[in-house]
Amino acid sequence: MRAKVFILSWMKKILIAVAAVYITACLFMYFMQARFLYSIDTTDVAESVASVPFATNVDLATSDGETLQAWWVPPRDATQVVYLYFQGNAETLLSRDKRFGVLTKDGAGLLGVSWRGYGGSSGKPSEAGLRLDAVAAYEWLRDQYTPERIVVFGESLGTGIAVWLSSEHAAGGLVLDSAYTSILDVARSQYPWLPVGRLARERFESLDLVSKITVPVFMFHCTEDPVVPFVMGEKMFSAFPTQQKMFSPMPGVCHVPSVETLMPRFKELEAVVRSHYASY
């Protein structure tokens with residue numbers, strides 16, 4: 001009898017200890033989730049802009065008083081599209097310089113936005129804040145070019161903002177690199193043992209918005225993406241209502257792959273966008 005009581009007492013202590021560890025882990029993830037979602041590099045990108053041919057650094061003012069750094073490559077002429085590029089959650093625009101160079105090599109324009117808190121931009125990132133950043137960049141471009149000429153380009157975390165912006169504002173096309181259905185779904189895939197639905201403060205719900213987007217879409221995704229499961233990209237692609245959409249699976253284990261081999265597909269998208277642009 002004493003042995004049974006002793007065992008039950010120890011089992012109770014073990015269960016309490018396990019519960020305490022689990023609750024501590026939940027609290028840690030709740031309060032530290034911004035650290036996981038935003039891998040901030042504050043290195044000012046202004047002095048590195050020469051790494052992209054023909055690029056200059058511009059300051060963008062947001063509606064809530066932040067100042068963003070952005071790299072601007074003007075389109076070569078009136079027949080070129082202009083990419084509005086939203087980066088992922090890590091590093092700075094400098095780590096995208098080769099990608100920017102490839103995208104603009106044949107004359108396309110590009111505005112690459114350094115999120116608030118990143119790369120010399122002021123403020124701290126949040127889903128609401130990134131949306132304001134996107135609108136500031138979009139309006140800066142819209143003051144110079146018709147919306148039908150703007151191709152919104154989102155990379156990884158930036159795909160959620162690209163989808164949101166395209167669901168709310170007119171554009172000529174949409175490019176998504178490593179798109180997710182929602183950050184909540186990504187968190188569930190990474191931490192299946194946590195009640196992420198209750199813990200997540202920011203969700204970036206992309207799948208719920210695609211029905212509002214009718215512009216041409218080009219998506220690409222690594223088949224063995226260790227960050228955003230490939231199946232999420234497939235699910236997003238299937239949900240877009242437009243018939244003018246392309247999807248390129250990128251074989252292997254990777255995340256945010258090189259775009260150089262994809263340039264023929266980009267040219268297809270640009271041609272479709274141009275066909276809708278009345279003054280071409």
Side-chain angles (χ1 to χ4, degrees), residues 24-49 57-72 84-97 99-100 111-141 152-169 176-188 190-191 194 196-206 208-209 227-228 255-256:
T24 299
C26 289
L27 290 172
F28 176 80
M29 294 298 290
Y30 179 79
F31 289 108
M32 298 298 290
Q33 59 187 272
R35 294 285 186 92
F36 290 93
L37 186 55
Y38 306 110
S39 182
I40 300 173
D41 185 337
T42 61
T43 306
D44 196 328
V45 299
E47 295 182 1
S48 304
V49 68
N57 193 81
V58 297
D59 292 337
L60 304 177
T62 69
S63 61
D64 63 338
E66 303 297 350
T67 300
L68 310 177
Q69 300 296 322
W71 285 2
W72 169 234
L84 174 54
Y85 192 97
F86 300 135
Q87 70 169 78
N89 78 324
E91 302 178 313
T92 67
L93 297 181
L94 181 58
S95 64
R96 282 85 177 169
D97 60 349
R99 173 171 281 204
F100 292 172
L111 181 67
V113 182
S114 184
W115 296 128
R116 59 182 60 204
Y118 287 80
S121 297
S122 65
K124 293 182 179 180
S126 67
E127 182 176 5
L130 267 54
R131 287 183 175 186
L132 294 178
D133 296 348
V135 171
Y138 174 83
E139 291 180 345
W140 188 87
L141 279 180
V152 182
F153 192 139
E155 163 209 318
S156 193
L157 179 68
T159 62
I161 299 300
V163 167
W164 172 80
L165 184 74
S166 298
S167 73
E168 296 287 332
H169 300 272
L176 300 176
D177 171 5
S178 312
Y180 48 82
T181 50
S182 73
I183 284 296
L184 186 60
D185 289 339
V186 175
R188 285 183 175 130
Q190 296 282 346
Y191 309 102
L194 282 174
V196 293
R198 295 180 179 275
L199 298 176
R201 294 195 297 268
E202 300 188 348
R203 303 188 174 223
F204 292 83
E205 298 280 3
S206 293
D208 293 345
L209 301 175
V227 180
V228 180
H255 182 67
V256 187

message: Donor-acceptor check, side chain of E127 to backbone of E202, threshold 3.5 angstrom: yes or no?
response: no
query: Where is the tightest heavy-atom contact between G88 and S156, given as atom of each residue plus distance?
result: CA-CB, 4.3 Å
message: How about CD on E139, more than 12 heavy atoms from neighbouring residues, nucleotides or ligands closer than 6.0 Å, or not?
response: yes
- line: Here the pair of heavy atoms bringing P125 nearest to G117 is CD-CA, 4.4 Å
- request: Let me see the working for F100 and L93 under side chain to side chain contact (heavy atoms under 4.5 Å, CB included), right down to the final yes or no.
  value: CA-CA 9 Å; F100 292 172; L93 297 181; 4.2 Å; yes
- request: Evaluate side chain to side chain contact (heavy atoms under 4.5 Å, CB included) for F153 paired with D177, printing each intermediate quantity in order.
  value: CA-CA 8 Å; F153 192 139; D177 171 5; 4.1 Å; yes
task: Give a yes or no on whether the ring-centroid distance for F204 and W164 is below 6.0 angstrom.
output: no
message: Please check this pair: side chain of D133 against backbone of R116, looking for a donor-acceptor N/O pair closer than 3.5 Å.
response: yes
field: side chain to side chain donor-acceptor pair (under 3.5 Å) against Y85, all qualifying residues, sequence neighbours excluded
entry: R99, E155
- prompt: Under 3.5 Å, side chain of S121 to main-chain N/O of Q69, donor-acceptor pair present?
  reply: yes
- prompt: Counting distance only, does the side-chain N/O of Y118 pair as donor-acceptor with the main-chain N or O of E91 below 3.5 Å?
  reply: no
- line: d(S178 OG, L157 CG) to nearest 0.5 Å is 11.5 Å
query: Side chains of L84 and L165: does their closest heavy-atom pair fall under 4.5 Å?
result: yes
message: Let me confirm one number: the OG-CG distance from S206 to L176, rounded to the nearest 0.5 Å.
response: 8.0 Å
- request: Starting from the C-alpha separation in whole Å, work towards a yes-or-no answer on side chain to side chain contact (heavy atoms under 4.5 Å, CB included) for V45 and W71.
  value: CA-CA 9 Å; V45 299; W71 285 2; 3.6 Å; yes
- request: Start with the C-alpha gap between R203 and D208, add the side-chain angles, then the distance that decides, and say whether salt bridge (charged side-chain N to carboxylate O under 4.0 Å, His left out) holds.
  value: CA-CA 11 Å; R203 303 188 174 223; D208 293 345; over 6 Å; no
query: Do Y138 and E168 have side-chain N/O donor and acceptor atoms under 3.5 Å apart?
result: no
- line: Output for pair (L132 CG, S126 OG), nearest 0.5 Å, gives 7.5 Å
task: Please report the closest heavy-atom contact between G119 and T92, naming both atoms and the distance.
output: CA-CG2, 4.1 Å
statement: Rounded to the nearest 0.5 angstrom, the CG-CG distance for L60 and L111 is 6.0 Å
Side chain to side chain, F86 and L130, heavy atoms closer than 4.5 Å: no
- request: Starting at CH2 of W115, measure out to OH of Y38 and round the result to the nearest 0.5 Å.
  value: 9.5 Å
query: Are I161 and R131 close enough that some pair of their side-chain heavy atoms sits under 4.5 Å apart?
result: yes
- request: Working to the nearest 0.5 Å, report the span between OG1 of T43 and CD1 of I40.
  value: 12.0 Å
field: S166 (side chain) donor-acceptor with V163 (main chain) under 3.5 angstrom
entry: no
